Asks: 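Following this message is one structure expressed as structure tokens.
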Amino acid sequence: MSKRTLFLLRHGEGAWNKENRFCSWVDQKLSEEGVAEARQCGLLLKEQGYRLDVVFASLLRRSIQTAWLLTEAMGDEWVPVVKSWRLNERHYGALIGLNRAELALNHGEEQVKLWRRSYNITPPPIDESHPYFFEIYNDRRYRTCDIPLEELPRAESLKQVLDRLLPFWYDVIVPEIQKGRTVLISGHGNSCRALLKHIEGISDDDIVGVTLPTGVPILLELDSDLKATKPHQLLGDQLQIQEAIKKVEDQGKAKKRN
Ligand SMILES: O=C(O)[C@@H](COP(=O)(O)O)OP(=O)(O)O
């Protein structure tokens, strides 16, 4: 039985990852390090002998830029990049723009961890008084979606991310994988966690312990029923990857801004 290859990738570091602010649906560019990470990811995949046939991205530029930079680094700019709002980062609602460490100081590290990593908890919703509300909902990209603007999320749990992602997964991505194409999803920390949970059958409790670093490709080998044939693998220097995961986890530790 021929195996299928899928890569999940959290985009390279974005400007607000660096500032430790919840970025979510705010459209920030990659930082300089993020650009380097995206290129490095392309070089690593090429060096390991992988060739991509199609890349999927969200409507957010940090995901799209990552897709462009990595296909360029592979010398494969022709590879199509298919975009959908359904791959957007989890909508962090009223938390958007806030600094995680300051939030932990005010609400406790446990609460911040629940907001960031639990499966079922939805953060408080965004409303019109939020400084980024109109920047998000007046953006014309969200008039191109397959649902009306008013039905787009105002806050999401990880479960709600998976629910809105699955129609795109089954209708658009799965057929490509089943044709035997090598697919890379240039997504976000939580859209990739949601998909990983679904593909590998990770429990609601265990997904709390899964944190993804930026710019590290996650290799999944699937059978024809799209079941993982072995555990996923994060490609690259394992020590550096563990340090990068810890750095993301530590973003939720209480700390005053310098
Ligand atoms: O929205 C954000 O700020 C981060 C995730 O934040 P955490 O869940 O790690 O707090 O998403 P990404 O950088 O992958 O787009």
Side-chain angles (χ1 to χ4, degrees), residues 7-31 33-35 37-38 41 56-67 83-104 107-124 126 130 132 135-136 153-162 164-165 184-197 207-218 234 241 244-255:
F7 291 99
L8 298 180
L9 173 68
R10 180 179 178 197
H11 58 78
E13 183 192 67
W16 279 13
N17 296 138
K18 216 181 180 63
E19 292 179 26
N20 200 10
R21 298 171 74 187
F22 286 103
C23 192
S24 182
W25 282 39
V26 174
D27 200 20
Q28 290 283 320
K29 284 189 173 174
L30 296 180
S31 67
E33 284 92 329
V35 168
E37 283 173 355
C41 172
F56 293 95
S58 74
L59 291 191
L60 295 162
R61 55 163 59 108
R62 56 192 189 278
S63 140
I64 299 165
Q65 274 188 308
T66 298
K83 306 171 195 103
S84 171
W85 76 273
R86 291 182 184 274
L87 291 175
N88 268 20
E89 181 50 308
R90 177 242 278 260
H91 197 308
Y92 261 118
L95 305 186
I96 287 178
L98 299 182
N99 180 284
R100 294 178 187 80
E102 286 177 359
L103 204 63
H107 295 266
E109 292 179 0
E110 262 317 297
Q111 179 60 57
V112 172
K113 181 153 188 206
L114 282 178
W115 277 327
R116 295 179 75 201
R117 295 293 171 258
S118 63
Y119 185 54
N120 281 305
I121 293 175
T122 309
I126 195 168
H130 188 282
Y132 291 95
E135 182 176 315
I136 295 170
R154 298 287 165 103
E156 295 177 300
S157 63
L158 193 67
K159 179 181 185 312
Q160 289 168 310
V161 174
L162 186 58
R164 55 102 152 148
L165 204 154
L184 182 140
I185 300 177
S186 174
H188 300 263
N190 295 295
S191 54
C192 289
R193 283 176 71 234
L195 214 41
L196 198 59
K197 180 183 191 304
I207 197 64
V208 175
V210 177
T211 286
L212 302 179
T214 54
V216 175
I218 304 164
L234 277 72
I241 291 173
I245 291 174
K246 175 139 184 4
K247 197 170 143 199
V248 178
E249 282 169 351
D250 286 352
Q251 286 179 322
K253 293 222 164 120
K255 200 171 137 209

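FYI, the numbering just counts along the sequence from 1. Keep in mind it's a predicted model, so treat the numbers as computed, not measured. Counting starts at 1 for both ligands and their atoms, following the listed order.
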Asks: May I ask you to identify, for Arg21, whether its side chain, its backbone, both or neither come under 4.0 Å of ligand 1 on a heavy-atom basis?
Replies: backbone
Asks: Please write down residue, atom name and distance for the protein heavy atom closest to atom 6 (O) of ligand 1.
Replies: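 Residue, atom and distance for the closest contact: Arg100 NH2, 2.9 Å.
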Asks: To which of Gly97, Ser58, Cys23 does the heavy atom nearest atom 2 (C) of ligand 1 belong?
Replies: Cys23
Asks: Take every heavy atom of Arg117, measure it against each atom of ligand 1, and state whether any distance is under 4.0 Å.
Replies: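 It does; at least one heavy atom falls under 4.0 Å.
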Asks: Would you please test Glu33 and Asn17 for side-chain contact (heavy atoms from CB on, under 4.5 Å) and show each step?
Replies: CA-CA 11 Å; Glu33 284 92 329; Asn17 296 138; over 6 Å; no
Asks: Check this for me - ligand 1, Val248, N or O atoms closer than 3.5 angstrom, yes or no?
Replies: no
Asks: If you count the atoms of ligand 1 from 1 in the order shown, which ones are under 4.0 Å from a heavy atom of His188?
Replies: 14 (O), 15 (O)
Asks: Assess whether side-chain contact (heavy atoms from CB on, under 4.5 Å) is satisfied between Gln251 and Thr211, documenting all intermediate values.
Replies: CA-CA 11 Å; Gln251 286 179 322; Thr211 286; over 6 Å; no
Asks: Side chain, backbone, both or neither: which applies to Asn17 and ligand 1 if a contact is any heavy-atom pair less than 4.0 Å apart?
Replies: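 The answer is the side chain of Asn17.
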Asks: Just to confirm my output: which protein heavy-atom neighbour is closest to atom 4 (C) of ligand 1, and how far is it?
Replies: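 Protein heavy atom at minimum distance: Glu89 OE2, 3.5 Å.
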Asks: Classify the angle between the aromatic ring planes of Trp25 and His91 as parallel (below 30°), tilted (30 to 60°) or perpendicular (above 60°).
Replies: tilted
Asks: Please write down residue, atom name and distance for the protein heavy atom closest to atom 12 (P) of ligand 1.
Replies: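 Protein heavy atom with the smallest distance to atom 12 (P) of ligand 1: His11 NE2, 3.1 Å.
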Asks: With under 30° as parallel and over 60° as perpendicular, where do the rings of Phe22 and Tyr92 fit, or are they tilted in between?
Replies: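 Tilted.
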Asks: Please report the interatomic distance CD(Glu249) to CD(Glu109), rounded to the nearest 0.5 Å.
Replies: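 One finds 12.0 Å between CD of Glu249 and CD of Glu109.
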Asks: Using modelled atom types and a 3.5 Å cut-off, is there a donor and acceptor pairing between side-chain atoms of Thr66 and backbone atoms of Gly12?
Replies: yes
Asks: Just checking, is any N or O donor in the side chain of Arg21 or Gln28 under 3.5 Å from an acceptor N or O on the other one?
Replies: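 Side chains of Arg21 and Gln28: no pair found under 3.5 Å.
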Asks: Does ligand 1 have an atom under 4.0 Å from some heavy atom of Arg62?
Replies: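 Flag set, Arg62 near ligand 1.
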Asks: What atoms in ligand 1 come closer than 4.0 Å to a heavy atom of Gly189?
Replies: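 Contacts of ligand 1 toward Gly189, numbered from 1: 14 (O).
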Asks: If you count the atoms of ligand 1 from 1 in the order shown, which ones are under 4.0 Å from a heavy atom of Asn190?
Replies: 5 (C), 8 (O)
Asks: Any chance you could lay out the side-chain contact (heavy atoms from CB on, under 4.5 Å) test for Arg193 and Arg117, step after step, and finish with the verdict?
Replies: CA-CA 9 Å; Arg193 283 176 71 234; Arg117 295 293 171 258; 3.6 Å; yes
Asks: With no hydrogens and no angle check, do the side chains of Thr214 and Glu13 hold a donor and an acceptor under 3.5 Å apart?
Replies: no
Asks: Looking at Glu89 and Arg62, is there a salt bridge between them, counting it only when a charged N and a carboxylate O are closer than 4.0 Å?
Replies: no
Asks: Going by the atom numbers of ligand 1, which of them fall below 4.0 Å from some non-hydrogen atom of Arg116?
Replies: 7 (P), 9 (O), 10 (O)
Asks: Between ligand 1 and Ser24, can you find any atom pair, the residue atom being a heavy atom, that is separated by under 4.0 Å?
Replies: yes
Asks: Hey, is ligand 1 close enough to Phe22 that some N/O pair sits below 3.5 Å?
Replies: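 Between Phe22 and ligand 1 (N or O atoms, distance only) the closest approach is not under 3.5 Å.
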Asks: Looking at atom 8 (O) of ligand 1, what's its closest protein heavy atom, distance included?
Replies: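 Minimum-distance protein heavy atom for atom 8 (O) of ligand 1 reads Tyr92 OH, 2.6 Å.
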